[in-house]
Amino acid sequence: MIAFSCSVIPKKIKGLEDIVYIGRDITARQHREQRTSTQYAITRILSESQSVKQAIPQILQSICQNLGWDLARISHQLVKKMGIKTAKMYIW
């Protein structure tokens, strides 16, 4: 993602001016903000849930919404460890 700014610099001669355009890559900052927002949302979900198993659908939805993903799925290994009977995919 690139953020642009524009500035007009007036000249001493009437009617003449310089225009300066600056583009700055803000991709890393945007990703940091998304990760922080996701982390906060997951922490809130876990604090309000009775169990991690109960929170999984909300956690996956939050990850998708905050990171702009279309699909989230819990891994097969985690499903086995947590004793979840069916693995689900969540699409938003």
Side-chain angles (χ1 to χ4, degrees):
M1 180 176 260
I2 298 175
F4 287 97
S5 63
C6 176
S7 299
V8 177
I9 303 170
K11 294 279 197 169
K12 290 182 181 182
I13 302 172
K14 187 176 180 175
L16 290 180
E17 53 191 28
D18 285 333
I19 299 175
V20 178
Y21 288 97
I22 298 173
R24 203 171 339 151
D25 185 355
I26 60 168
T27 305
R29 183 180 80 191
Q30 190 80 10
H31 286 158
R32 275 193 311 275
E33 289 172 0
Q34 286 177 324
R35 286 190 303 268
T36 300
S37 176
T38 303
Q39 184 179 10
Y40 175 77
I42 291 170
T43 300
R44 183 185 47 76
I45 291 165
L46 288 171
S47 71
E48 295 172 356
S49 297
Q50 299 294 321
S51 68
V52 174
K53 190 188 288 190
Q54 176 191 12
I56 288 175
Q58 290 176 298
I59 289 171
L60 294 177
Q61 180 179 7
S62 179
I63 290 170
C64 286
Q65 288 174 340
N66 283 294
L67 299 179
W69 294 0
D70 296 324
L71 174 73
R73 182 177 77 87
I74 188 168
S75 74
H76 182 67
Q77 291 84 0
L78 189 56
V79 168
K80 287 172 98 176
K81 281 184 182 178
M82 294 182 70
I84 299 172
K85 293 185 176 25
T86 58
K88 296 181 180 178
M89 271 200 262
Y90 298 90
I91 301 172
W92 286 273

Visitor: Is the number of heavy atoms from other residues, nucleotides or ligands within 6.0 Å of CD1 (I13) greater than 12?
Guide: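 No, because the 6.0 Å sphere around CD1 of I13 holds 12 heavy atoms or fewer from other groups.
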Visitor: For residues Y21 and V8: do they belong to one hydrophobic cluster (side chain heavy atoms under 4.5 Å, members Ile, Leu, Val, Met, Phe, Trp, Tyr)?
Guide: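 Same hydrophobic cluster.
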Visitor: Starting from V20, can I reach L16 by hopping between I/L/V/M/F/W/Y residues whose side chains sit under 4.5 Å apart?
Guide: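 In one cluster with L16: V20, no.
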Visitor: Provide the closest heavy-atom pair for Q58 versus S49 in the form atom of the first, atom of the second, distance.
Guide: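 Reported closest heavy-atom pair: OE1-OG, 4.0 Å.
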Visitor: Got a sec, which residues hit side-chain contact (heavy atoms from CB on, under 4.5 Å) with I2, two or more places apart in sequence or on another chain?
Guide: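 I2: side-chain contact (heavy atoms from CB on, under 4.5 Å) contacts with F4.
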Visitor: Shared ILVMFWY cluster between L67 and I26, side chains joined below 4.5 angstrom?
Guide: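 Per the 4.5 Å side-chain linkage, L67 and I26 are not co-clustered.
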Visitor: Which pair of non-hydrogen atoms, one from C64 and one from L71, has the smallest distance, and what is that distance?
Guide: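 Of all heavy-atom pairs spanning C64 and L71, the closest is SG-C, 3.7 Å.
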Visitor: Write down the atom of K11, the atom of D18, and the distance for their closest heavy-atom approach.
Guide: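 For K11 versus D18, the nearest heavy atoms are CE-OD2, 3.0 Å.
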Visitor: So, taking the atom named OG in S51 and the one named CG in L46, what distance separates them when rounded to the nearest 0.5 Å?
Guide: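 Rounded to the nearest 0.5 Å, the OG-CG separation comes to 9.5 Å.
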Visitor: According to the side-chain hydrogen bond (donor to acceptor under 3.5 Å, both in side chains) rule, which pairs have a member within residues 30-40, sequence neighbours left out?
Guide: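 Applying side-chain hydrogen bond (donor to acceptor under 3.5 Å, both in side chains) to every pair that reaches into residues 30-40, excluding sequence neighbours, yields S37-N66.
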Visitor: Within the supplied structure, the quantity of interest is the number of heavy atoms (other residues, nucleotides, ligands) at a distance under 6.0 Å from E48 CD; does it exceed 12?
Guide: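 Yes, enclosed.
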